[in-house]
Structure formats: structure tokens, C-alpha cells
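Each remark here refers to the structure printed beneath this line.
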Number of protein chains: 2
Amino acid sequence: MLKSKASVVSLDQRNATRLRVLEQIRSKGSVSRIDIASALETSPATITSATADLISAGLIKEIEGEAQSKSGKRGRPRVLLQLDSHSFLVAGLKVARQMISVILVDFEGNEVTSHKAQLEDARMSPANLISTIRLALEDTCQQVGLSIEHLAGISIGLAGQIDAARNFVHWSSSVTERNIDFNPLIAKELPCPAFVENDANLVAKAEQLFGLGKGLKNFLVVTIEHGVGLGIVLDGRLYRGKRGCGAEFGHTKVHLDGALCQCGQRGCLEAYVGDYALIREMTVTGHADDMQTVSDIHTRANSGDDRAALVLARAGQMFGLGVSNLINLFDPQCIIVSGAQMSFEHLCSAEVMTRIQNGVVNVDAPLPEIKVHHWGDLMWAKGAAAYGIEQVSILKVKELAANAS
Amino acid sequence: MLKSKASVVSLDQRNATRLRVLEQIRSKGSVSRIDIASALETSPATITSATADLISAGLIKEIEGEAQSKSGKRGRPRVLLQLDSHSFLVAGLKVARQMISVILVDFEGNEVTSHKAQLEDARMSPANLISTIRLALEDTCQQVGLSIEHLAGISIGLAGQIDAARNFVHWSSSVTERNIDFNPLIAKELPCPAFVENDANLVAKAEQLFGLGKGLKNFLVVTIEHGVGLGIVLDGRLYRGKRGCGAEFGHTKVHLDGALCQCGQRGCLEAYVGDYALIREMTVTGHADDMQTVSDIHTRANSGDDRAALVLARAGQMFGLGVSNLINLFDPQCIIVSGAQMSFEHLCSAEVMTRIQNGVVNVDAPLPEIKVHHWGDLMWAKGAAAYGIEQVSILKVKELAANAS
DNA sequence: CTAAATATTTTACCGACTGAAATAAATATG
DNA sequence: CATATTTATTTCAGTCGGTAAAATATTTAG
């Protein structure tokens with residue numbers, strides 16, 4: 001009761017261990033205590049105690065399945081541990097221009113249900129945004145006979161510059177005001193902890209927890225939607241920079257005093273590969289004024305329109321240049337190019353990959369692998385869910401420790 | 001004696017604390033125990049024990065100087081602690097194209113003496129390089145009546161791709177062979193531990209320990225010599241990427257299919273700002289075939305040669321583009337542009353600074369400060385020395401722990 | 001000189017983790 | 001079938017880094 005500082009410190013230490021154990025179980029799917037011990041280079045005794053805590057909290061469980069022993073078949077069989085998917089529900093949301101998508105997942109990340117709602121306005125006031133979110137959540141929960149009260153956490157992905165640690169939105173294309181602290185609104189309108197993050201960071205989290213970055217310590221996730229985004233995972237953690245905002249890959253300059261970008265600057269990568277940039281290129285010469293989406297351009301290109309093919313090819317070249325710069329600067333284990341739609345084929349063609357390779361300074365070590373990940377529609381919401389699961393895990397482990405004392 | 005693993009683990013923990021204490025003392029210059037305790041958020045008791053160890057090892061000492069108490073003048077006065085500069089000597093070396101420079105520093109980083117030697121060949125075999133280094137070290141030590149045996153550590157800076165953790169040189173412009181493990185050669189030819197590192201990383205270390213990055217956790221150091229280099233400090237540690245090599249800032253692409261670079265690729269920043277690139281620009285049209293150095297171009301520009309001024313200006317523009325990309329990607333606390341000579345004026349002109357500012361995506365948070373650091377001739381060697389001091393400190397603290405057991 | 005203030009050291013203890021021993025649960029073997 | 005062997009997990013008695021609180025040291029204020 002009295003040992004205020006001591007207990008905080010020791011709790012943090014214990015929690016860190018418990019979280020590392022949880023992380024092992026999540027990334028391996030199912031794993032025995034002895035394997036966790038050797039993976040974390042710690043003693044079996046420690047794992048026994050950590051897993052006992054996690055089991056009593058309902059976060060993990062023992063399962064029956066056959067586990068093979070180190071060698072031979074003799075000896076006490078290993079007991080596999082698994083996440084207890086029923087332990088809690090998390091909602092992941094992505095607020096896009098005309099659409100809000102929601103996904104409900106269990107603790108393992110399995111989809112329970114999902115939902116989409118049209119948005120009337122691309123930009124909303126903070127209060128408006130939160131009540132829209134609440135509504136979307138209620139609708140989603142209703143689909144499976146749940147109420148919003150059942151949620152353990154809500155994770156919200158926005159495009160823009162966001163300080164996730166503080167739920168503070170410097171700027172977002174979905175919000176009419178700048179520099180908004182969402183914590184008060186969340187506390188007032190939502191019945192459980194909620195987390196706001198930059199959407200590209202969320203996808204990086206999803207790749208780390210469930211996707212192609214599982215188990216990797218250093219990788220980059222390039223997201224492609226209407227523009228391009230970047231999530232940076234260094235040493236297993238999201239790198240957010242000093243101001244806590246995401247990296248502005250889309251606004252790195254690929255041409256001195258080049259094409260005009262929506263941000264007002266010139267030569268941004270996004271001004272060469274963003275949807276609007278491609279459409280502008282197609283329409284500016286009056287070559288095609290019915291171009292509405294990048295898919296239209298793809299269609300044209302595939303049916304033999306040289307101009308369309310050139311526009312796409314140039315975007316690919318610029319994209320390749322940008323990605324090779326990322327590799328030159330970060331030297332990551334792996335780069336994951338993640339997109340929801342198929343409309344980014346032109347950014348992962350063999351030619352672009354070659355260009356990337358050729359733009360990376362040669363070392364004798366092999367180039368980082370470049371993986372392309374087509375997620376489908378729910379990419380962003382799933383990303384949000386991944387972040388939500390992580391945050392809720394941390395909260396649960398902390399509660400656990402608090403109760404134990 | 002028997003507790004093999006336990007002792008390793010606990011030693012690491014203790015050493016980490018001792019090193020953090022040492023780091024505090026180094027970055028503050030002189031500081032009292034109570035201040036260290038509050039800076040590290042630890043208890044005074046821990047600091048008492050850590051400093052006692054460091055004092056008995058001769059790494060630090062108590063000094064007399066007046067220290068002001070928190071408030072008022074009553075109370076037992078604080079005792080200031082300082083590095084004991086006499087505890088050991090470290091040599092820092094930089095191997096450049098035609099020159100090898102050596103600096104001898106004490107534990108505080110104060111210069112004891114320095115020395116330069118002409119190199120016959122820009123590229124040498126590994127064995128040749130090490131014996132050349134040994135010779136240079138012997139000459140340097142002789143200047144102050146010491147022998148090479150007095151050195152506690154030797155740090156060697158090379159341009160190229162180097163895995164410092166293993167003293168492994170993937171490639172260096174100073175070495176004729178690729179993929180060389182220098183450890184055996186070092187053990188054979190040098191009387192004390194030696195460390196090989198990429199030269200840009202060394203300058204970053206120097207900025208962190210003694211320079212403009214003192215106390216900063218996240219910053220970038222851009223080095224300018226014949227080309228440009230980048231050292232990345234994240235979370236207080238050098239970021240080296242997956243393959244352990246330095247970031248290749250000079251070979252990030254600033255123009256699609258642009259100017260040909262020495263590395264064989266096109267559009268590299270270095271192909272626009274490197275010495276040879278500028279000289280090529282001046283000579284290619286026969287405009288000036290007596291151009292030997294960038295200083296010559298400066299001279300010309302200052303005496304009204306428009307062509308020279310334009311060449312320099314263009315280099316500045318490209319450099320600004322590259323630096324703003326760094327800021328967009330890393331969002332660092334601060335960027336330090338470090339150069340030895342004055343020949344990089346054109347890269348830190350007001351115009352270039354403005355260009356950098358204009359290339360960074362606007363957040364409401366202030367832009368990271370861009371600091372320009374003119375080091376003088378010994379920049380690289382001093383950088384090596386900084387790294388050497390750090391490495392030797394780690395070794396000494398480890399020895400200390402080993403002896404205590 | 002005494003009281004008050006502040007810095008440092010000492011001391012008793014806490015808690016995370018460990019090694020070793022104990023226990024559990026399987027197979028191999030005769 | 002009983003027993004030895006093997007391997008996984010748990011229990012238990014430390015160990016070690018660190019802490020709070022008490023003790024001590026050293027100063028100024030009054």
C-alpha cells in the first residue's frame with residue numbers, strides 16, 4: 001500500500017515480461033512454455049509464473065493439441081498455450097473520405113463482423129466525428145446481437161498527423177479543426193478506451209501482428225490508397241519521430257521543383273503517384289475527361305491506350321525511386337507494400353521491382369525482400385483492430401498487475 | 001564461480017546502470033550524485049553505489065568546485081563528480097584518400113596530440129592498412145613521449161560499408177579487398193582493442209558525445225567531405241539498419257534517371273553535390289579545365305563567374321531536397337550538418353535553408369533545428385576518438401564488474 | 001551553539017528472476 | 001506390468017539490483 005514508487009517500477013518490469021510472453025504466443029500461434037523460455041532467453045520458472053498470471057486473467061489458455069518434443073517421443077509432453085480468443089472484443093475503424101469502415105475482432109484478430117457506412121461529409125467537426133463513429137459502432141455491434149458496451153477497446157484510424165500517445169490530432173483530412181485532443185470527447189461519448197492513430201501506422205501494426213511482418217524487428221510498410229503512406233517499425237516498435245507524427249513518405253521530393261502537389265509543395269512523390277495526380281495527367285491534355293478513378297486508367301491501358309500506359313509507367317518509376325530511397329536510408333529487413341484495392345498493380349510490376357533493385361546501393365548482403373500484400377477492402381480497419389488489440393492487451397496486463405497487488 | 005548465466009545477466013544490468021551514470025557525468029561535465037539520481041529517475045542509494053565503483057576504477061573522481069544547492073545555501077553541499085581525464089588514452093584515426101589523420105585524446109575527449117601522414121596509395125590491402133595504421137600510431141605517440149602500449153583503445157574510421165559490431169568491412173574505398181574481418185589482423189598487429197566504423201557514424205557519435213547533439217535522443221548528422229554521408233541517432237543509439245552498414249544518403253536518388261554517379265547508378269544526390277560532380281560540371285563544357293577542387297569553384301563564383309555560381313547553386317538545391325526528405329522521413333529533433341572544410345558554404349546558405357524549410361511538410365510543431373558545424377581538419381579523427389572513448393568505457397566498466405565478483 | 005536544511009551513506013528489505021530439486025507425464029525396455 | 005529414462009513444468013530457496021527509511025555528514029541561519 002505504501003510502497004508507491006517501488007511497486008510502479010516493479011510492475012513495469014513484470015508487465016514487460018508478461019507482454020513479451022503474450023507477444024510470443026501471439027506470433028507463434030501456439031507454443032509451449034519451454035519454447036517461450038528459450039525464445040526469450042529466460043528461465044522456465046519465469047514463464048511458469050507469467051503464463052499462470054495470463055491464464056488466470058483469461059488472456060491465454062492451454063490447449064490439447066499435439067506438440068512435438070525436442071527429440072524422440074519420451075518425456076512429459078509439452079502443453080501448448082494459445083490466445084483465448086473469447087477474452088475480449090476490439091473494434092477497428094477507418095475513417096476515409098466517403099466511407100467509414102468498422103471491423104469487430106476477437107483477441108486473436110479473427111473477424112467477428114464488419115460494417116461500412118457512407119459519410120455525408122468528408123470533413124467533420126471533432127464532436128461530429130466521434131458521434132458518427134459511435135453510431136457506426138452501434139450498428140456494427142447490432143449485426144451480431146452485441147452492444148457497444150461489450151467492446152474492450154476501440155481503435156480509430158485517420159489520415160493525417162496524429163500523436164497517438166496523446167490521442168492528439170494535429171491535422172487530419174477527416175477533421176475540420178486542427179490540433180484537437182480527442183481524449184475528452186472519447187471519455188464522454190465512448191464506453192471504453194479508444195485510440196487514435198495515423199492510418200499508415202495502423203497498417204504497419206497489422207503487418208507486424210498478423211501480416212507479413214510477423215516476428216520481424218525492422219521493416220517498413222508502404223501503404224497505397226489514394227496517396228502513399230509509410231509505417232516504420234524499428235526494433236519491434238513503431239517509429240514515430242519527434243513530433244509523434246507519421247513519416248511523410250508521400251511528400252518526400254522526387255523531383256526538383258517538380259509537379260504541384262495538393263500540399264502546395266512541388267515534386268512530392270504523391271504528385272506523381274497519387275490518384276488525383278494520375279487523373280490529372282490523363283485529363284490535362286483533354287485526352288480523357290471521363291477519367292474518374294485509377295481503375296479507369298488501368299482499363300484504358302490494358303485496352304491499348306499508350307497514353308494511359310505511359311502515365312501508369314511514370315508513376316511506377318517515381319514510386320520505385322521513392323522506395324529505393326527508403327531502402328538506402330533505413331536498410332530494413334523487409335519492405336511490405338500494402339494496398340486495399342487492386343488498383344496499384346502498376347506500382348508493383350516487375351519493372352518497378354527492377355527499378356527499386358537498381359536504385360539500391362549494392363552491398364554484398366542480399367537486398368531486403370519486397371513483399372506485396374493485397375489486403376482487400378478492410379485493410380485499414382483491420383490495421384486499426386491490430387493496434388486496438390495491442391493497446392488493450394497492455395491495458396489488461398496492467399490491470400492484472402494492479403489487481404494482484 | 002558456478003553461477004555462469006546468472007552472473008552474466010546481473011552484470012549486464014549493473015553495467016547498464018553504471019554506464020548510464022557515466023554518460024550523465026560525461027554529458028553534464030560535472031554533476032552531483034543527487035542530480036544524477038534525479039536525471040536517471042533512480043534512488044540516491046543506487047548512485048552512491050555506482051559512483052563508488054566508478055571511482056575505485058579510476059574512471060571518475062570527486063572535485064572541489066562549488067556546486068549550488070537546489071534552493072538556499074543551507075545543507076550539506078553537493079559533491080561534484082567529473083570524468084578522470086587521466087584514466088586512459090584513446091586514439092582516433094581517419095583513413096582518407098591521400099591522408100591518414102590520428103588524434104590522441106584523454107577520457108574526456110581533450111586532444112593530447114594529433115598527427116597526419118601522407119598515404120602513398122588510396123587503396124591498400126587489409127594487412128597493409130593495419131600496418132600503416134600502426135606506423136601512424138607509433139609516430140603520434142612518439143610526439144608526446146608515449147608508446148603505442150599506453151593506448152587503451154584505437155578507433156578507425158573508414159568510408160564504406162562496415163559492420164561495426166563485428167569489425168567487418170563489407171566494402172571500403174580504402175581497402176582493396178571486400179568482406180574482410182579485421183579482428184584477426186587487429187589482434188595480431190595492435191596492442192589493444194580496436195574498433196572499425198563507418199566515418200559518418202563516427203561523426204554522429206562525436207556530435208552525440210561532445211558536439212551539437214549532446215544530450216539529444218533523436219538526431220541526424222549529415223557529413224560533407226568529398227561526398228555526403230549520414231549518421232542516424234535514434235533513441236540515443238546509432239541506427240545501423242539490418243545489414244549493419246551506414247545509411248546511404250549520398251546515393252538516395254534525387255532525379256529520375258539523372259546524372260551518372262561514381263557508384264554506377266543515376267540520379268544519386270552525390271552525383272549532384274559530390275566534389276567530382278561539381279568539378280565535372282565545370283569542366284565538361286571546357287569552361288574551366290584547371291578546376292581541381294571545390295574551393296576553386298568557390299573562388300570563381302565569388303569573383304563573378306556566373307557559371308560557377310550556378311553550379312554551386314544547383315548543388316545546394318539538390319542538397320536541400322535531400323535534407324528535406326530526411327526530415328520528412330525521420331522527423332528528428334535536430335539535423336546537424338557537419339563538415340571539416342569551409343568548402344561546403346554553398347550547402348548551408350540561407351537559400352538552401354529556405355529550400356529545406358519549404359520542402360518539409362508543414363505540421364504545427366516547429367521544424368527541427370538545422371545546425372551547421374564546422375569542425376576543422378580533425379573532424380573525422382575526432383569522431384573516431386569519440387567512438388573509441390565510448391567503446392573503451394564499456395570495456396572498462398565490464399572489467400570492473402568482472403573483477404568485483 | 002543549536003536548529004534547520006540538504007547531500008550522501010548505511011541498512012533492512014522487496015521483488016523479479018534464477019538454479020536446482022521436486023514433481024508430472026509420457027515412452028522404452030525387459 | 002513394473003521400472004528406468006526422458007522431457008516439461010512447478011516449487012523452493014536463494015541471488016542480485018534496487019529501494020525506502022534511517023543514519024550520518026556538512027553546511028547555513030539564527
Side-chain angles (χ1 to χ4, degrees), chain A residues 1-21 31-56 62 64-81 397 401 404-405, chain B residues 1-21 31-56 62 64-81 397 401 404-405:
Chain A
M1 278 297 242
L2 294 174
K3 43 181 175 162
S4 70
K5 185 153 185 188
S7 72
V8 166
V9 167
S10 59
L11 289 186
D12 277 0
Q13 216 162 304
R14 259 170 77 112
N15 282 343
T17 304
R18 286 172 179 153
L19 275 174
R20 268 172 28 232
V21 170
V31 64
S32 65
R33 290 177 177 83
I34 193 90
D35 284 335
I36 299 175
S38 69
L40 297 182
E41 295 186 314
T42 187
S43 73
T46 302
I47 305 302
T48 292
S49 122
T51 53
D53 296 342
L54 293 172
I55 288 173
S56 79
E62 298 189 337
E64 298 299 308
E66 284 302 295
Q68 40 220 27
S69 286
K70 193 134 197 170
S71 62
K73 289 192 160 191
R74 282 208 277 202
R76 176 174 174 173
R78 299 163 174 209
V79 179
L80 291 181
L81 298 166
V397 167
S405 76
Chain B
M1 278 296 244
L2 296 174
K3 43 180 175 161
S4 69
K5 185 155 186 188
S7 71
V8 166
V9 167
S10 58
L11 289 184
D12 278 0
Q13 218 162 301
R14 260 171 76 113
N15 283 343
T17 305
R18 287 173 179 153
L19 275 173
R20 269 170 29 232
V21 170
V31 65
S32 65
R33 290 177 177 81
I34 192 89
D35 284 336
I36 299 174
S38 69
L40 297 182
E41 295 187 313
T42 189
S43 71
T46 302
I47 306 302
T48 292
S49 122
T51 53
D53 296 341
L54 293 171
I55 288 172
S56 80
E62 297 188 339
E64 298 300 308
E66 283 303 296
Q68 40 222 26
S69 287
K70 191 133 199 171
S71 62
K73 288 190 162 193
R74 280 208 277 202
R76 176 174 173 174
R78 300 165 173 207
V79 179
L80 290 179
L81 298 165
V397 167
S405 75

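So you know, we letter chains A, B, ... as the sequences are listed, proteins then strands, and number each from 1.
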Would you mind telling me which of C:dC17, D:dT9, C:dT8 lies closest to the side-chain atoms of A:Thr42? C:dC17
Nearest heavy-atom approach of B:Leu80 to B:Ser32 is CD2-N, 3.7 Å
Rounded to whole Å, the CG-P distance (A:Leu81 to D:dA8) equals 14 Å
Interatomic spacing from OG1 in B:Thr17 to CG in B:Leu40 - rounded to 0.5 Å: 8.5 Å
Rounded distance (Å) that lies between atom C1' of C:dT9 and atom CZ of B:Arg78: 17 Å
Atom pair distance, as rounded to whole Å: CG in A:Leu54 and P in D:dT9: 15 Å
If every non-hydrogen atom of B:Pro44 is compared with every non-hydrogen atom of B:Ile34, which pair is closest and at what distance? CG-CD1, 4.4 Å
Figure out the CG/C1' separation between A:Asp12 and D:dT19, and round it to whole Å. 15 Å
Atom pair distance, as rounded to whole Å: CD in A:Glu62 and P in C:dA24: 15 Å
List the protein contact pattern of nucleotides 24-30 of chain D with one symbol per nucleotide (5' to 3'): B for base contact, S for sugar-phosphate-only contact, - for none; contact means a heavy-atom distance under 4.0 Å. -BBBBS-
Measuring from the side chain of B:Ala45 (C-beta onward, heavy atoms only), which nucleotide among D:dT9, C:dT8, C:dT10 has the closest atom? C:dT10
Rounded distance in Å - CG (A:Asp53) to P (C:dG15): 14 Å
Look at the side-chain N and O atoms of B:Arg33 and state whether any lies under 4.0 Å from the OP1 or OP2 oxygen of C:dT9. yes
Atom pair distance, as rounded to whole Å: CD in B:Glu41 and P in D:dG18: 15 Å
Within this structure, what is the CD1-to-P distance between B:Ile47 and C:dT10, rounded to whole angstrom? 15 Å
Within this structure, what is the OG1-CZ distance for the pair A:Thr46 and A:Arg33, rounded to the nearest 0.5 Å? 13.0 Å
For a quick test of reading the model: is some side-chain N or O of A:Thr46 closer than 4.0 Å to OP1 or OP2 of C:dT18? yes
If you round to the nearest 0.5 Å, how far is OG of A:Ser49 from CZ of A:Arg18? 7.0 Å
Report the nucleotide, chosen from C:dC17, D:dG18, C:dT8, that has the shortest atom-to-atom distance to any side-chain atom of B:Thr48. C:dT8
Does A:Thr17 reach a base, just sugar-phosphate, or nothing at all? Heavy atoms under 4.0 Å. sugar-phosphate
With the side chain defined as heavy atoms from C-beta on, A:Ser43 is closest, among C:dT8, C:dT10, C:dT18, to C:dT18
So CZ of B:Arg20 and CD1 of B:Ile47: to nearest 0.5 Å the spacing works out to 8.0 Å
Closest heavy-atom pair, A:Thr51 versus A:Thr48, reported as atoms and distance to 0.1 Å, is OG1-O, 3.1 Å
